[in-house]
Amino acid sequence: MQENPQWQQIYRVASLIPAGQVASYGQVADLAGLPGRARLVAKVLKAADASQHLPWHRILRASGHIAIQGQQGEQQRLRLVSEGVVVEGMRVKMSKYQWQPSLYLMLHELSG
DNA sequence: ATTGTGACCAAAC
DNA sequence: CGTTTGGCCACAA
């Protein structure tokens with residue numbers, strides 16, 4: 001865990017991504033109020049532990065590629081598939097699955 | 001203080 | 001499609 005408010009905000013945004021949808025590291029950073037800090041999001045997710053119940057597998061590169069190499073990456077692919085997301089190779093079509101937060105969410109969950 | 005390394009990104013070729 | 005380039009940072013050496 002981490003008490004750093006920036007990390008907390010990243011956890012908060014990530015946890016809102018619905019099953020069957022995906023977001024990019026950069027998108028999460030933007031929504032968390034940290035524009036241009038996609039690498040921080042990646043770092044935070046890597047450090048996160050299972051007890052936080054974060055849907056880390058719904059976060060990909062902006063290109064739609066799974067960022068993790070090896071066994072973990074394969075695990076991410078499987079989790080996405082189990083949610084109904086089509087993964088071709090190690091890539092997801094962002095245009096089809098990208099999370100688009102509603103105005104309601106923006107006002108009541110993200111901005112506050 | 002400087003340098004190298006990341007689960008990154010967008011633009012340009 | 002693939003690579004390079006310049007930006008972004010956090011962190012360890």
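Convention: sequence-line order gives letters A, B, ...; per-chain numbering from 1.
The residue among Gly36(A) and Lys43(A) whose nearest nucleotide of DNA chain C lies closer to the 5′ end is Gly36(A).
The existence of a salt bridge linking Arg77(A) and Glu74(A) is confirmed by a sub-4.0 Å separation between a basic side-chain nitrogen and an acidic carboxylate oxygen.
Rounded to whole Å, the C1' atom of dT5(B) lies 14 Å from the corresponding atom of dC8(C). Separating the C1' atom of dA13(C) from that of dA7(B) is a span of 22 Å, rounded to the nearest Å.
Side-chain contact check for Leu31(A) versus Trp99(A): some heavy-atom pair is nearer than 4.5 Å. Side-chain contact check for Arg12(A) versus Trp7(A): every heavy-atom pair is 4.5 Å or farther apart.
The OH atom of Tyr25(A) sits 15 Å away from the P atom of dG6(B) (whole-angstrom rounding). Atom CZ in Arg37(A) sits about 15 Å away from atom C1' in dC9(B), given to the nearest Å. The CD1 atom of Ile68(A) sits 15 Å away from the P atom of dG6(B) (whole-angstrom rounding). To the nearest angstrom, P of dA10(C) lies 15 Å from CG of Leu45(A). The distance between atom CH2 of Trp7(A) and atom P of dA10(C), rounded to the nearest whole Å, is 10 Å. For the pair Asn4(A) CG and dC9(C) C1', the interatomic distance rounds to 13 Å; values are reported in whole Å. Distance CZ (Arg61(A)) to P (dC8(B)): 5 Å, rounded to an integer number of Å. Taking atom NE2 on His65(A) and atom C1' on dA7(B), their separation rounds to 14 Å, with Å as the unit.
Residue Lys46(A) is classed as a base contact, given a heavy-atom separation below 4.0 Å to a base. Within 4.0 Å (heavy atoms only), Ser24(A) reaches sugar-phosphate atoms of the nucleic acid but no base atom.
Of the possible polar contacts, none joining the Tyr97(A) side chain to the Gly64(A) backbone as a donor-acceptor pair under 3.5 Å is found.
For dC8(B), the base has a donor-acceptor partner in the side chain of Arg39(A) [N/O atoms by modelled type, under 3.5 angstrom].
Counted by atom type alone, His57(A) and Glu83(A) present one or more donor-acceptor pairs between their side chains at under 3.5 Å.
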